[in-house]
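Taking it in order: structure first as structure tokens, then the write-up.
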Amino acid sequence: MKIATLNVNSIRMRLDAVLEWLAVHEPDVLALQETKCADDKFPRFEFEEMGWNVEIYGQKSYNGVALVSRHSILGVRRGFEDPRFPEDCRLIEASVGGVTVVNTYVPNGTVVGSDKFDYKLRWMERLRALFASRHRPDEPIVWVGDMNVAPTPDDVWDSRRHLGKVGHHPDEFARLAALVDWGFEDVFRRFHQGPGHYTFWDYVIPRSFENNLGWRIDHVYATAPLAVRATSCTIDRTLRQGEKPSDHTAVVAEFDV
DNA sequence: ATGGTTGGCATCCAA
């Protein structure tokens, strides 16, 4: 089973690139983040006419996640389903081919110490509680998405410059570690070590992609029964090279299931 | 020390 994740930064801007990528790579599941449109504006028909099933959870302007598959997408759940908290569209879960896929767009956090940073930490804590309440770590679960955290010094182009800033802060490391400790393995790091393997290059930094000034913030995590069956995990930089690219590119993992 | 870009939508917010 091949599972991919991509922060598209607007599905309407990236529709042609995504459909072409799907045709070439034929993943069993593609998880999208930052679709940036309400559900009635999502180009659902364009996917369906190419033979892809789509499950979406979107809102106007911001956030938005989706799952794309050739297979039936079963048991879809959207968000935390917790009326105590206002919901934004950052989480969608479903079962595809016997594997539970959880797709998240973790809040960016904006600036350390801000309300949005606090929201990010709380959001990650709520996600940990969601896994504990809905699932067990001996189930085959793959958790993918834009986690907005570069968890080790090798995961950002200048760790000393960014340590303590948003995306590379000890409070974020702790929240991510709590999620991983529940029962996940970082599938990419099963296959690749060291610095320079990035999935996001900031538009704001001139020639960030050409100079590989990036971050590894898009991750594929799997529970043990799936992780031991992983056969590859790669970053496909081609999507970041084209005309009008997203600022992220795709991560693709394959499992012998 | 600081700025640089992009997308959606409304003339700014979020990233």
Side-chain angles (χ1 to χ4, degrees), chain A residues 5-21 31-44 46 56-66 79 85-92 103-124 127 144-151 155-169 171-172 175-176 198-219 235 237-251:
Chain A
T5 181
L6 171 66
N7 178 318
V8 281
N9 187 17
S10 168
I11 187 57
R12 289 176 290 181
M13 284 298 296
R14 241 59 74 181
L15 178 61
D16 290 348
V18 168
L19 289 176
E20 184 187 342
W21 190 90
L32 297 171
Q33 305 88 36
E34 277 208 272
T35 52
K36 284 188 167 181
C37 63
D39 291 353
D40 62 347
K41 299 280 200 297
F42 192 99
R44 167 186 288 280
E46 287 82 348
I56 58 182
Y57 186 41
Q59 65 187 83
K60 184 179 176 182
S61 303
Y62 306 115
N63 311 319
V65 285
F85 295 96
E87 190 69 67
D88 49 7
C89 299
R90 298 177 176 274
L91 166 64
I92 188 169
N103 172 20
T104 61
Y105 174 45
V106 175
N108 170 289
T110 312
V111 173
V112 172
S114 66
D115 289 349
K116 288 191 173 70
F117 188 75
D118 189 59
Y119 178 69
K120 179 182 197 173
L121 300 180
R122 301 289 92 75
W123 199 96
M124 295 178 80
L127 185 62
V144 298
D146 177 357
M147 310 309 179
N148 264 316
V149 179
D155 294 320
V156 59
W157 62 275
D158 187 338
S159 179
R160 282 176 55 181
R161 177 196 187 101
H162 290 285
L163 185 62
K165 305 279 179 45
V166 72
H168 201 52
H169 190 283
D171 291 348
E172 300 170 330
R175 298 320 185 276
L176 188 57
Y198 305 133
T199 66
F200 162 81
W201 298 262
D202 202 329
Y203 289 133
V204 174
I205 299 174
R207 304 183 67 77
S208 62
F209 181 71
E210 290 79 357
N211 294 314
N212 201 26
L213 307 180
W215 300 61
R216 193 179 72 92
I217 55 177
D218 301 272
H219 300 165
I235 297 165
R237 297 164 61 99
T238 59
L239 277 164
R240 187 64 176 78
Q241 291 174 293
E243 283 291 300
K244 300 288 284 181
S246 170
D247 40 2
H248 297 248
T249 199
V251 185

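In the text below, chain A, chain B and the rest are named by the order of the sequence lines, each starting its count at 1.
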**Reported CE-to-OG1 distance for the pair A:Met124 and A:Thr104, which is rounded to 0.5 angstrom** = 8.5 Å
**Request:** At the 4.0 Å heavy-atom cut-off to chain A, mark where contacts on DNA chain B begin and end, going 5' to 3'.
**Result:** B:dG3 to B:dA15
**Check: A:Arg90 side chain, A:Gly64 main-chain N or O, donor-acceptor pair, under 3.5 Å** = no
**Request:** Show your reasoning for whether side chain to side chain contact (heavy atoms under 4.5 Å, CB included) applies to A:Tyr105 and A:Thr35.
**Result:** CA-CA 10 Å; A:Tyr105 174 45; A:Thr35 52; over 6 Å; no
**Fill in**
Residue pair A:Cys37/A:Pro107 against DNA chain B: nearer the 5' end by closest nucleotide is A:Cys37
**Asked** If you count the non-hydrogen atoms of other residues, nucleotides and ligands that lie under 6.0 Å from CD in A:Glu87, is the total more than 12?
**Response** yes
**Prompt:** Of all of residues 205-217 of chain A, which get a heavy atom below 4.0 angstrom from DNA chain B, listed by number?
**Reply:** none
**Item:** Span that lies between the P atom of B:dC12 and that of B:dA1, in whole angstrom
**Value:** 31 Å
**Item:** Set of side chain to side chain donor-acceptor pair (under 3.5 Å) partners for A:Thr199, sequence neighbours left out
**Value:** A:Asp218
**Message:** Classify A:Ser246 by what it touches in the nucleic acid, base, sugar-phosphate, or nothing, heavy-atom distance under 4.0 Å.
**Reply:** nothing
**Message:** Please give the distance between the C1' atoms of B:dG8 and B:dT2 as a whole number of Å.
**Reply:** 27 Å
**Request:** Classify the nucleic acid contact of A:Arg90 as base, sugar-phosphate or nothing, counting any heavy atom under 4.0 Å across all strands shown.
**Result:** sugar-phosphate
**Item:** With A:His169 via ring pair (Phe, Tyr, Trp, His ring centres under 6.0 Å) - residues at least two apart
**Value:** A:Phe117
Donor-acceptor pairs under 3.5 Å, side chain of residues 204-211 of chain A to any protein atom, not counting sequence neighbours: which ones?
unit_1	atom_1	unit_2	atom_2	d
A:Ser208	OG	A:Asp202	O	2.7
A:Asn211	ND2	A:Arg207	O	3.1

**Message:** Please report the distance separating the P of B:dT5 from the corresponding atom of B:dC9, rounded so that it comes out in whole Å.
**Reply:** 22 Å
**Asked** Taking for each residue the nucleotide of DNA chain B bearing the nearest heavy atom, is the 5' side occupied by A:Lys60 or by A:Asn63?
**Response** A:Lys60
**Complete:** Applied to residues 35-44 of chain A, the salt bridge (Lys or Arg N to Asp or Glu O under 4.0 Å) test, sequence neighbours excluded, yields A:Arg44-A:Glu48
**Request:** Could you tell me whether the side chain of A:Asn7 and the main chain of A:Asp247 form a donor-acceptor pair under 3.5 Å?
**Result:** no
**Request:** Provide the distance between the two P atoms, one in B:dG3 and one in B:dG7, to the nearest whole Å.
**Result:** 22 Å
